[in-house]
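Shown next, in structure tokens, is the structure this report addresses.
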Amino acid sequence: MTIEPPAPGEPRRPHGPRDAGDAWVVAPDGQRYWGRFGAAGLLACDPGRGILLQHRVSWSHHGGTWALPGGARHQGESALDAALRESTEEAGVPPASLRPRFMSVLDLGIWSYATLMADVEQPFDPVISDQESVELAWVAPENGDGLPLHPAFAEAWQRLRPLLGIRPALVVDAANLVGTVPDGWWKDRAAAAERILEALAGRGPAGMPADLLGLPEDLWYPEITVVLEGRARTARATSGLEIIRAEGSGDDAVVEAVRRLAAEGRTVSVATSDRALAETCRALGAHVAGAGELRTVLEP
């Protein structure tokens, strides 16, 4: 593998000096990949207009094809941040209008490309803001195959398109999760629950591992519902989470949450190590992960 800087005079964006990541990675077989530290792109999905695609200018890599807004990651930049930054630079995408749903990563060892799929919660009109696009358009997912797609995106699209219908939800049995660490929870259940809530909210930007939720690809960003019971019910609320303060049985509240979310069309996962509760949730079609598995993900 070698790193090859852009050629002198090679067209580029008008957004200041080049970043160290703006370089080609050249594989031993001669294949070239843009982005010294990998690359990332955004698959934005608007419920009324479809997915946002970029018609690539002729001088670009595989020019004339359609693909996702995206580009090289900066050194130390997360894939999520890179996808949002690049789509803002190339298509005027406002990050505040999006809610991430999943991340798919193609890792070739010497180079990687991360696709961030995000739902458009506040409609916007894309704007061509650099030299890399001939046009930007919202395309119905079923019409994507009819376009001349960038070869790499065409291959990925066959995997990603079926996932657009998956809307993940995670229901957390807080009482069961709290008990996985001897941190004094028996003295102050509410404080222990608050630590769990803060950890769950803090994990949001990083996403949840796909295998924890029983889903394909790499990371998902589920809507999280936390059930509190007993003395933990007085825990302070934390933004970004749905909190259910069970008046009676916490297990019953978990089951009711699973039923409700499934009826709303969500793909539901439950975090609990209670065997009876786990069996009931599986019977309702939910995936179940052990409380210890989730705790491991949340630990810094």
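Keep in mind that the numbers below use all heavy atoms, side chains included, and drop hydrogens, waters and symmetry copies. No experiment lies behind these values; they were computed from the predicted model shown.
- Of the possible polar contacts, one joining the Arg101 side chain to the Ile166 backbone as a donor-acceptor pair under 3.5 Å is found.
- Counting only distance, with no hydrogens or angles, the side chain of Glu90 and the backbone of Gly70 share a donor-acceptor pair below 3.5 Å.
- Hydrophobic clustering, with ILVMFWY side chains joined whenever heavy atoms are under 4.5 angstrom apart, keeps Phe124 apart from Ile51.
- Residues Leu163 and Phe153 share a hydrophobic cluster, clusters being chains of Ile/Leu/Val/Met/Phe/Trp/Tyr side chains in contact below 4.5 Å.
- The CG atom of Leu294 lies 6.0 Å from the CG atom of Leu212; values are rounded to the nearest 0.5 Å.
- Interatomic distance, CD of Glu256 versus OG of Ser249, reported as 12.0 Å (0.5 Å rounding).
- One N or O on the side chain of Thr88 and one on the backbone of Val93 form a donor-acceptor pair closer than 3.5 Å.
- Residues passing the ring pair (Phe, Tyr, Trp, His ring centres under 6.0 Å) test with His55, sequence neighbours excluded: Trp66.
- When the options Val26, Val25, Ile110 are evaluated for a side-chain contact (heavy atoms from CB on, under 4.5 Å) with Thr2, the one that passes is Val26.
- Although no hydrogens or angles enter the test, the distance criterion places no donor-acceptor pair under 3.5 Å between the side chain of Arg73 and the main chain of Asp81.
- Using a 4.0 Å cut-off between charged nitrogen and carboxylate oxygen, Arg195 and Asp188 do not count as a salt-bridge pair.
- Taking CH2 from Trp157 and CG from Leu68, the interatomic distance works out to 8.5 Å, rounded to the nearest 0.5 Å.
- In this structure a side-chain-to-backbone donor-acceptor pair under 3.5 Å is missing from Arg295 to Gly290.
- The side chain to side chain donor-acceptor pair (under 3.5 Å) test applied to Asn176 returns no partner, not counting sequence neighbours.
- Taking a cutoff of 4.0 Å between a charged side-chain nitrogen and a carboxylate oxygen, Glu247 and Arg233 qualify as a salt bridge.
- Checking side-chain atoms of Thr65 against main-chain N and O of Pro148 turns up no donor-acceptor pair under 3.5 Å.
- One hydrophobic cluster, built from ILVMFWY side chains closer than 4.5 Å, cannot hold both Ile244 and Leu177; they sit in different ones.
- Residue pairs that meet the side chain to side chain donor-acceptor pair (under 3.5 Å) test with at least one member in residues 216-226, sequence neighbours left out, are Ser104-Glu217, Arg159-Glu217, Glu223-Arg266, Thr225-Glu242.
- Pairs passing the salt bridge (charged side-chain N to carboxylate O under 4.0 Å, His left out) check and including a residue from residues 137-156, sequence neighbours excluded, read Asp145-Arg161.
- Paired with Cys281 under the rule side-chain contact (heavy atoms from CB on, under 4.5 Å), one option of Val258, Asp251, Val171 passes, and it is Val258.
- Under the side-chain contact (heavy atoms from CB on, under 4.5 Å) rule, Phe102 has a single partner from Leu219, Leu213, Leu160, which is Leu160.
- Panel note: side chain Glu229, backbone Ala246; no donor-acceptor pair is recorded below 3.5 Å.
- Rounding to the nearest 0.5 angstrom, the gap separating the CE atom in Met117 from the CZ atom in Arg99 is 11.0 Å.
- For the atom pair CD (Glu198) and CD (Glu194), the distance works out to 6.5 Å, reported to the nearest 0.5 Å.
- With sequence neighbours excluded, no residue forms a ring pair (Phe, Tyr, Trp, His ring centres under 6.0 Å) with Tyr113.
- A donor-acceptor pair under 3.5 Å is absent between the side-chain atoms of Ser112 and the main chain of Gly38, judged by distance alone.
- Atom CZ of Arg56 sits about 8.5 Å away from atom OG of Ser133, to the nearest 0.5 Å.
- No donor-acceptor distance shorter than 3.5 angstrom exists from the side chain of Asp119 to the backbone of Glu121, with no hydrogens or angles considered.
- Among residue pairs with one or both ends in residues 260-300, none qualify as ring pair (Phe, Tyr, Trp, His ring centres under 6.0 Å); sequence neighbours excluded.
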